[in-house]
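Down below is the structure, laid out as structure tokens.
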There are 2 protein chains.
Amino acid sequence: MVELSISLDRAFHALSDATRRGMLDRLSRGPASVSELARPYSSSLAAIHQHVHVLESSGLIVTEKHGRTRQCRLSPEAVLTVETWLSDRRRLWEDRFDHLGKLLETPEDQT
Amino acid sequence: MVELSISLDRAFHALSDATRRGMLDRLSRGPASVSELARPYSSSLAAIHQHVHVLESSGLIVTEKHGRTRQCRLSPEAVLTVETWLSDRRRLWEDRFDHLGKLLETPEDQT
DNA sequence: TGAATACTTAAGCATATGGTTGAGCTTTCG
DNA sequence: CGAAAGCTCAACCATATGCTTAAGTATTCA
């Protein structure tokens with residue numbers, strides 16, 4: 001349980017940054033080196049390397065050193081973990097809202 | 001697009017803390033006041049209030065002041081947003097893994 | 001009215017995050 | 001071999017986060 005919390009902490013944290021999400025999108029089109037991941041951004045390579053490290057320690061990606069380059073690729077299991085957490089909750093919540101029905105539709109909520 | 005990124009930033013950030021996820025779980029069993037949300041935790045009420053603020057500005061919950069208490073409840077739309085983002089990616093990634101199949105498993109001996 | 005309740009805000013503090021630059025380490029190639 | 005490529009590491013810095021305590025505001029109720 002604590003383990004799960006810790007990995008959810010890291011996974012959600014990793015996902016909370018637009019640069020890292022962009023890197024994940026890039027990786028969804030196939031593995032890439034650190035330099036390739038850095039290409040769309042103006043940050044230094046060192047900064048991108050730090051993002052790679054955050055993504056890897058969250059489990060969202062796995063990397064392997066090949067010669068002088070590091071290949072990064074996605075790890076769908078970790079995504080499944082967070083997605084499962086979310087969809088479990090959403091199911092619960094929707095059940096609740098189904099039960100409550102009209103309560104949600106009260107006009108006071110028009111903010 | 002920028003808007004979406006910003007709200008994903010906030011939503012994922014809000015989800016990256018175990019206390020806030022616990023508060024969301026509590027809210028999945030129905031609306032609660034700030035004090036009720038604080039009950040399971042040893043932190044000060046002020047700290048919990050800050051968590052409520054993070055959750056609210058992420059859009060994951062909505063709150064309303066009733067007299068001297070503030071009622072908090074879930075906002076399923078925001079959860080749907082982040083869950084959709086995740087499941088879209090997972091679909092992409094799984095497609096990739098399906099297509100590539102063995103390619104991903106090739107032992108890379110470039111030495 | 002006056003006390004209790006339930007937040008709310010402010011200030012301060014320790015730690016974390018995300019960026020930089022610059023140096024260093026392998027690996028590759030002419 | 002020696003230089004370039006590609007990453008890695010270490011400092012350093014600015015800002016953000018999460019917590020505390022203390023004080024302030026608004027409601028409720030005896």
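Chain A is the first sequence line, chain B the second, and so forth, proteins listed ahead of strands; every chain is numbered from 1. Atoms considered below: every heavy atom in the structure, side chains included; atoms not considered: hydrogens, waters and symmetry mates.
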For the pair made of CG in B:Asp9 and P in C:dT17, what is the distance, rounded to whole Å?
15 Å
Just grab all the ring pair (Phe, Tyr, Trp, His ring centres under 6.0 Å) pairs involving residues 9-50 of chain A, residues at least two apart or on different chains.
A:Phe12-A:Trp85
Minimum-distance pair of heavy atoms, taken over all atoms of A:Arg10 and A:Ser58:
O-CB, 3.5 Å
N or O in side chain of B:Lys65 less than 4.0 angstrom from C:dA6 OP1/OP2:
no
Can you tell me how far P of C:dA6 sits from CD of B:Gln71, to the nearest Å?
12 Å
B:Leu8-A:Leu55 co-clustered via ILVMFWY side chain contacts under 4.5 Å:
yes
Rounded off to whole Å, could you give me the CD-to-P distance for the A:Glu64 and C:dT27 pair?
15 Å
Main-chain N/O of A:Lys65 paired to A:Thr69 side chain as donor or acceptor, under 3.5 Å
no
Any B:His13 side-chain nitrogen or oxygen under 4.0 Å from OP1 or OP2 of D:dG18
yes
Rounding to an integer number of Å, can you tell me how far A:Arg70 CZ sits from C:dT27 P?
12 Å
Side-chain-base donor-acceptor pair under 3.5 Å for B:Arg68 and C:dT5:
yes
So does A:Ser33 get a backbone contact from the side chain of A:Arg70, meaning a donor-acceptor N/O pair under 3.5 Å?
no
Option among B:Leu15, B:Leu37, B:Thr19 that satisfies the side chain to side chain contact (heavy atoms under 4.5 Å, CB included) test with B:Leu24
B:Leu15
Has B:Ser33 got a side-chain N or O lying under 4.0 Å from the OP1 or OP2 atom of C:dC7?
yes
Separation of C:dA16 atom P from A:Asp17 atom CG, nearest Å, is 18 Å
Here the residues of residues 41-53 of chain A within 4.0 Å heavy-atom distance, strictly under, of DNA chain D are A:Leu45, A:Ala46, A:His49
Find out whether A:Leu60 and A:Leu74 are in side-chain contact, i.e. whether some heavy atom of one side chain is under 4.5 Å from a heavy atom of the other.
no
Nearest-Å distance, CZ (A:Phe12) to P (D:dT17)?
17 Å
Protein-nucleotide distance (A:Arg39, atom CZ; D:dG6, atom C1'), rounded to Å
12 Å
Rounded to whole Å, how long is the line connecting atom CG of A:Leu15 with atom P of C:dT17?
15 Å
